[in-house]
Amino acid sequence: MPSLQKVYMNHQQKPLVFDSLILQHKTDIPQQFVWPDNEKPNSEKVKELAVPLVDLGGFISGKSSSAKETANFVGEACKKHGFFLVINHGVNASLIEDAHRYMDLFFALPLVEKQRAQRKVGESCGYASSFTGRFSSKLPWKETLSLQFSSENSSSNMVKDYFENTMGKEFTRLGKVYQEYCNAMSRLSLRIMELLGMSLGINQAYFKELFEHNDSIMRLNYYPRCQQPDLTLGTGPHCDPTSLTILHQDSVGGLEVFIDNEWRSIAPNQNAFVVNIGDTFMALSNGRYRSCLHRAVVNNIIHRKSLAFFLCPKKDKVVRPPDELVDEKNPRIYPDFTWSTFLEFTQKHYRSDMNTLQAFTNWIQQNKHMN
Ligand SMILES: C=C1C[C@]23C[C@@]1(O)CC[C@H]2[C@]1(C)CCC[C@@](C)(C(=O)O)[C@H]1[C@@H]3C(=O)O
Ligand SMILES: O=C(O)CCC(=O)C(=O)O
Ligand SMILES: [Fe+2]
């Protein structure tokens with residue numbers, strides 16, 4: 001049993017570190033993790049959402065007949081709430097199993113081991129738990145490991161190298177699994193981008209070119225068991241600021257989306273990825289497709305894991321909708337921006353919630369005024 005770190009917390013000092021091995025046994029969770037009444041999880045079980053299920057088999061095997069049909073089906077889902085499931089996605093099942101298995105291995109390490117990959121303030125890579133985050137209230141009940149992925153050939157070992165450099169040679173195998181997983185996610189996201197382009201009736205190459213070379217973020221979410229799951233949240237209500245999220249959740253359940261003014265759960269399906277539109281793609285589609293509010297709840301029985309691949313364009317690419325989506329009936333909704341500016345806004349100036357893109361738009365206007 002790894003040595004348990006103490007929680008250094010008293011009435012003068014802010015907590016220095018917390019160890020999920022301790023936290024998951026605390027019968028009264030620290031106040032910082034208790035969310036306001038209007039944001040707490042529902043006391044009664046939330047209704048399940050019948051998420052549109054997109055079978056990519058035909059499209060991937062090149063059957064043009066199913067491409068248009070599949071694109072239209074995806075488009076309908078994205079106009080409504082921006083969430084859909086993909087099956088027959090072409091990602092190797094044993095790779096997904098390995099990615100889950102290595103997550104259990106990493107997050108079961110003693111805190112001092114995990115802290116060798118500690119995420120530094122202002123960086124988007126590394127291990128973080130709530131007390132090492134940027135917030136002092138409404139803390140999410142989770143630990144995360146965030147990895148930088150670039151689809152450029154030259155840095156095709158970026159993820160593997162990251163693990164070797166921060167955790168040592170014994171993590172080479174783990175690094176290779178996440179390198180391969182990110183490569184598979186990047187390939188899958190380009191296929192989905194083709195479908196999204198078709199569904200919007202624009203030149204297929206537009207989004208493919210924007211994301212062919214992407215600087216994406218791979219985030220491993222680990223939600224320890226919680227003794228008071230009705231007081232806290234694993235991840236607070238938010239819209240993803242990124243372009244497209246491809247998420248694989250384990251079989252525990254806990255992902256909820258806010259649709260028609262109520263929270264709805266997305267049931268685990270091990271053969272499917274949950275895909276959702278992010279704020280950046282909502283801007284690219286000139287508001288036609290929705291970036292939807294969602295959150296993750298925890299439970300008092302078992303820990304939960306999710307692997308989220310956040311597709312992001314290269315940092316200096318200007319995010320601007322294609323001309324076909326802008327006309328007198330559909331004027332521009334959001335200004336031009338680069339992903340690096342938006343990412344910096346979420347890391348240094350704003351905690352992503354349901355209004356991130358609007359807050360960012362206001363921030364750009366104010367700063368433009370000042371410059
Ligand atoms: C660009 C990002 C910011 C967050 C990670 C992500 O890569 C995409 C999702 C964002 C986040 C998960 C939304 C909820 C709030 C947040 C602070 C969190 O709970 O982790 C967000 C992430 C962040 O590190 O800012
Ligand atoms: O863990 C989940 O199911 C959702 C996580 C999420 O929304 C995120 O990391 O952005
Ligand atoms: Fe999210």
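Indexing begins at 1, ligand by ligand and atom by atom, following the structure's order.
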Indicate yes or no: does an N/O atom of Gln249 lie under 3.5 Å from an N/O atom of ligand 2?
no
Students should be able to answer this: which protein heavy-atom is nearest to atom 4 (C) of ligand 2, and at what distance?
Leu247 CD1, 3.7 Å
Enumerated ligand 2 atoms positioned under 4.0 Å from heavy atoms of His238
6 (C), 7 (O), 8 (C), 10 (O)
Will you find, in the side chains of Thr338 and Thr341, an N or O donor that is under 3.5 Å from an N or O acceptor?
yes
Proximal candidate to atom 18 (C) of ligand 1 [heavy atom criterion; set Gln347, Lys138, Arg119, Lys142]
Lys142
Answer yes or no for Arg351 and Phe135: cation-pi contact, defined as NZ/CZ to six-membered ring centre under 6.0 Å and angle to ring axis within 45°.
yes
Closer than 4.0 Å to some heavy atom of His294 - which atoms of ligand 2 meet that?
7 (O)
For this output row, return yes or no: ring centroids of His294 and Phe258 closer than 6.0 angstrom.
no
Does Thr245 approach ligand 2 within less than 4.0 angstrom via side chain, backbone, both or neither, non-hydrogen atoms only?
neither
Side-chain donor-acceptor pair under 3.5 Å between Arg219 and Ser146, yes or no?
yes
From the options Phe310, Phe135, Phe309, select the one whose nearest heavy atom is closest to atom 7 (O) of ligand 1.
Phe310
Do you see a protein non-hydrogen atom under 4.0 Å from atom 16 (C) of ligand 1?
no
Considering non-hydrogen atoms of the protein only, which is the closest contact for atom 11 (C) of ligand 1, and what is the distance?
His238 CD2, 4.5 Å
Contact with ligand 2 for Arg295, non-hydrogen, under 4.0 angstrom:
no
Protein contact to atom 10 (C) of ligand 1 [nearest heavy atom, distance to 0.1 Å]:
Pro241 CD, 4.1 Å
Pair Tyr350 and Phe360, ring centroids less than 6.0 Å apart:
no
Checking one value in my table: which N/O/S atom of Asp240 lies closest to the Fe ion (ligand 3)?
OD1
Decide if the gap between the ring center of Trp141 and the ring center of Tyr223 is smaller than 6.0 angstrom.
no
Closest protein heavy atom to atom 5 (C) of ligand 2, given as residue, atom name and distance to 0.1 Å
Tyr223 OH, 3.5 Å
Residue, atom and distance of the protein heavy atom nearest atom 9 (O) of ligand 2 read Asn221 ND2, 3.2 Å
Could you tell me if Tyr127 and Gln115 have a donor-acceptor pair between their side chains, going purely by distance under 3.5 Å?
no
Geometry only, no angles: is Arg219 polar-contacting ligand 2 at N/O separations under 3.5 Å?
no
Element-labelled atoms of ligand 1 that are located less than 4.0 Å from some non-hydrogen atom of Leu343:
1 (C)
Are a donor atom and an acceptor atom from the side chains of Thr27 and Gln227 found within less than 3.5 Å of each other?
no
Relative to the heavy atoms of Phe310, which atoms of ligand 2 are at a distance of less than 4.0 Å?
8 (C), 9 (O), 10 (O)
Between the side chains of Ser137 and Gln32, is a donor N or O closer than 3.5 angstrom to an acceptor N or O?
no
Looking at ligand 2, would Arg304 count as a contact under a 4.0 Å heavy-atom criterion?
yes
Would you check if there is a donor-acceptor pair between the side chains of Thr144 and Asn221 at a distance under 3.5 Å?
no
Taking only non-hydrogen atoms of Arg219, do any sit less than 4.0 angstrom from ligand 1?
yes
Ring centroid separation Phe207 to Phe281 under 6.0 Å
yes
Are any N, O or S atoms from Cys239 nearer to the Fe ion (ligand 3) than 2.8 Å?
no
side-chain contact (heavy atoms from CB on, under 4.5 Å), that's the test. Do Thr280 and Phe337 meet it? Break it down for me.
CA-CA 9 Å; Thr280 300; Phe337 60 88; 4.3 Å; yes
